[in-house]
Amino acid sequence: MRHKRPAAKLDLRHLLAVLAGLVCFAVVFRYTGDAEVLIAISSGLAASAVSDLAASASIAMYKNRG
């Protein structure tokens with residue numbers, strides 16, 4: 001019988017990274033208007049990716065701390 005791996009806990013930092021991307025999308029979409037939806041989506045995705053990488057790096061450094 002195989003044992004199931006425990007599910008990974010969702011860290012609050014990742015949720016905040018997604019929220020930062022949504023806020024960035026909303027701000028860019030608000031100030032560029034409907035004509036620049038692609039720019040708003042791409043900047044929201046970029047902000048979310050950068051925030052998520054920062055959260056992952058922060059978690060990794062916290063776990064590797066001596």
Side-chain angles (χ1 to χ4, degrees):
M1 187 164 107
R2 294 177 62 179
H3 295 285
K4 289 185 179 181
R5 286 190 324 182
K9 293 181 184 177
L10 186 62
D11 200 333
L12 180 64
R13 290 173 249 198
H14 292 292
L15 291 175
L16 291 175
V18 171
L19 183 63
L22 290 174
V23 168
C24 183
F25 166 76
V27 168
V28 171
F29 183 73
R30 169 76 174 114
Y31 288 107
T32 59
D34 291 335
E36 303 296 333
V37 176
L38 184 60
I39 292 174
I41 290 173
S42 62
S43 55
L45 286 174
S48 183
V50 168
S51 300
D52 193 49
L53 285 173
S56 295
S58 171
I59 292 168
M61 288 191 309
Y62 178 76
K63 286 183 179 179
N64 290 334
R65 204 168 54 169

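Given the structure is predicted, the values throughout are model-derived calculations rather than measurements. Values below: all heavy atoms of this structure, side chains included; hydrogens, waters and symmetry mates excluded.
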Taking every non-hydrogen atom, the tightest pair across [X] and [Y]:
X     : Y     : value
Phe25 : Ala40 : CD1-O, 3.3 Å
Ser51 : Ala20 : OG-CB, 3.7 Å
Gly21 : Ala47 : CA-CB, 4.2 Å

- Are Val23 and Tyr31 connected, step by step, through hydrophobic side chains (Ile, Leu, Val, Met, Phe, Trp, Tyr) whose heavy atoms are closer than 4.5 Å?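 Per the 4.5 Å side-chain linkage, Val23 and Tyr31 are co-clustered.
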- Task: List for me each residue that meets side-chain hydrogen bond (donor to acceptor under 3.5 Å, both in side chains) alongside Ser58, sequence neighbours excluded, and say none if there are none.
- Result: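 Checked Ser58 against side-chain hydrogen bond (donor to acceptor under 3.5 Å, both in side chains); matches are Arg13.
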- Any pair with a residue in residues 37-49 that passes side chain to side chain donor-acceptor pair (under 3.5 Å), sequence neighbours left out, goes on the list, sorted by first then second residue, please.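 Qualifying pairs, neighbours excluded: none.
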- Message: Going by the rule side-chain contact (heavy atoms from CB on, under 4.5 Å), which residues pair with Val50 if we only count those two or more places apart in sequence or in a different chain?
- Response: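 With sequence neighbours excluded, Val50 shows a side-chain contact (heavy atoms from CB on, under 4.5 Å) to no residue whatsoever.
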- Query: Taking only residues two or more places apart in sequence, or in another chain, which ones meet Leu45 in a side-chain contact (heavy atoms from CB on, under 4.5 Å)?
  - Reply: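 With neighbours one apart ignored, the set is Ile41.
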- Straight-line distance of Asp52 CG to Leu15 CG, nearest 0.5 Å: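 The CG atom of Leu15 is 10.0 Å from CG of Asp52, to the nearest 0.5 Å.
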- Co-members of Ile39 in a cluster of I, L, V, M, F, W and Y side chains, linked at under 4.5 Å: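 Reading the cluster by chain and number, Ile39 sits alongside Val28.
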